[in-house]
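Scroll down for the structure; my scribbles are underneath it.
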Amino acid sequence: MSAARLVLAPGLVHVPGYLDRASQDALRDALDAAMEGAPPFQPRMPRTGKPFSVRMTNCGPLGWVSDAERGYRYQATHPETGLPWPAIPAILLEAWRDLADYPHPPEACLVNLYGAEAKMGLHQDRDEADFAAPVLSLSLGDTAVFRIGGTSRGGRTTSIRLASGDAFLFGGPARLVFHGIDRILPGSSTLLPGGGRINCTLRRVTPPRG
DNA sequence: CAGTTACG
DNA sequence: ATAC
């Protein structure tokens, strides 16, 4: 399979249908297994404690978490169980090697779980110490309406749909682009038994060797 | 400010 | 679109 890489802007790449159905099934099953050891939790906004509408968990040496007391951060353990995160599924590491054009493995795999009503406001992924590495996102399940802006707030934005199996990369000049999820299109995929969407975001958190 | 709400 |  050679899915086309659509370059929307320098460093911004959409690969529709990157994972075929069999790979999507395998990734879903791997994530199900991972979530047995790292149950999804509900992140909260720094200071205000307002809950996100998405639930999340992580795989890999570091995971992204947020709560009222300590805010956005990466940490090596699950905020509720205190256990290390499970390993990043092989399919995702393979996608990173194939698409990221970066010579070191990802350290974090944030797994966002979207129900029919879940959204994610426009934001930047900027809690990493290494912006040289790209951010790689893989979508499973229901299609999402994805909004993409520029590197500062208030600029023009556009929206595209991210379907099950799609890959999306933010790298180089687009590494710090604002992005978010406007809405989920319920019933648009049969991959996940209960419906909804899973997004896996692979990131390098620390500079290599450091 | 990865959040929601209220107002033209 | 703006404010908090």
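When reading the values below, keep in mind they use all heavy atoms of this one structure, side chains included, and skip hydrogens, waters and symmetry mates. Every chain is numbered from 1, with letters handed out A, B, ... down the list of sequences.
In this entry the distance linking CZ of A:Arg147 with C1' of B:dC1 reads 17 Å, nearest Å. The separation between A:Phe41 atom CZ and B:dA2 atom P is 16 Å, rounded to whole Å. Note: CE (A:Met45) to C1' (B:dC1) measures 6 Å, nearest angstrom. Here B:dG3 presents its C1' atom at 12 Å from CD of A:Gln42, a figure rounded to the nearest Å. Atom CZ in A:Phe52 sits about 7 Å away from atom P in B:dA2, given to the nearest Å. Atom CE of A:Met120 is separated from atom C1' of B:dT4 by 15 Å (rounded to the nearest Å). The CZ-C1' distance, from A:Arg55 to B:dG3, rounds to 19 Å in whole Å. Rounding to whole angstrom units, OH of residue A:Tyr72 and C1' of B:dC1 are separated by 7 Å.
Distances shown here put every side-chain N or O of A:Arg47 at or beyond 4.0 Å from the OP1 or OP2 atom of B:dA2.
Salt bridge A:Arg147/A:Asp182: present, at least one basic N to carboxylate O contact under 4.0 Å.
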All N/O pairs under 3.5 Å across the protein-nucleotides 1-4 of chain C interface:
none

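Using a 4.0 Å heavy-atom criterion, one finds that A:Arg203 contacts the bases of the nucleic acid, with or without backbone contacts as well. As judged by a 4.0 angstrom heavy-atom cut-off over every strand, A:Ile181 is placed among residues making no nucleic acid contact.
The salt bridge (Lys or Arg N to Asp or Glu O under 4.0 Å) search around A:Arg73 returns A:Asp67, not counting sequence neighbours. With sequence neighbours left out, the ring pair (Phe, Tyr, Trp, His ring centres under 6.0 Å) criterion links A:His78 to A:Phe41, A:Trp85.
B:dG3 sits 22 Å from B:dC7 when the P atoms are compared, rounded to a whole Å. Taking atom C1' in both B:dT5 and B:dC1, one finds a spacing of 13 Å when rounded to whole Å.
Nucleotide B:dC7 has no partner under the Watson-Crick or G-U criteria, as no pair reaches both atom distances under 3.5 Å. Across all strands shown, B:dC1 remains unpaired; no Watson-Crick or G-U wobble contact has both distances below 3.5 Å.
For A:Arg161, the CZ atom is loosely surrounded, since the number of other residues' heavy atoms within 6.0 Å does not exceed 12.
Both the sub-6.0 Å distance and the 45° axial angle are not jointly satisfied by A:Arg175 relative to the ring of A:Phe170.
Pairing each heavy atom of A:Ala100 with each of A:Pro134, the nearest pair is O-CG, 3.3 Å.
Side-chain contact between A:Thr201 and A:Asp125 is present, with heavy atoms from C-beta onward closer than 4.5 Å.
B:dA2 has no base stacking with the ring of A:Phe178 when judged by centroids under 5.5 angstrom apart and an interplanar angle below 30°.
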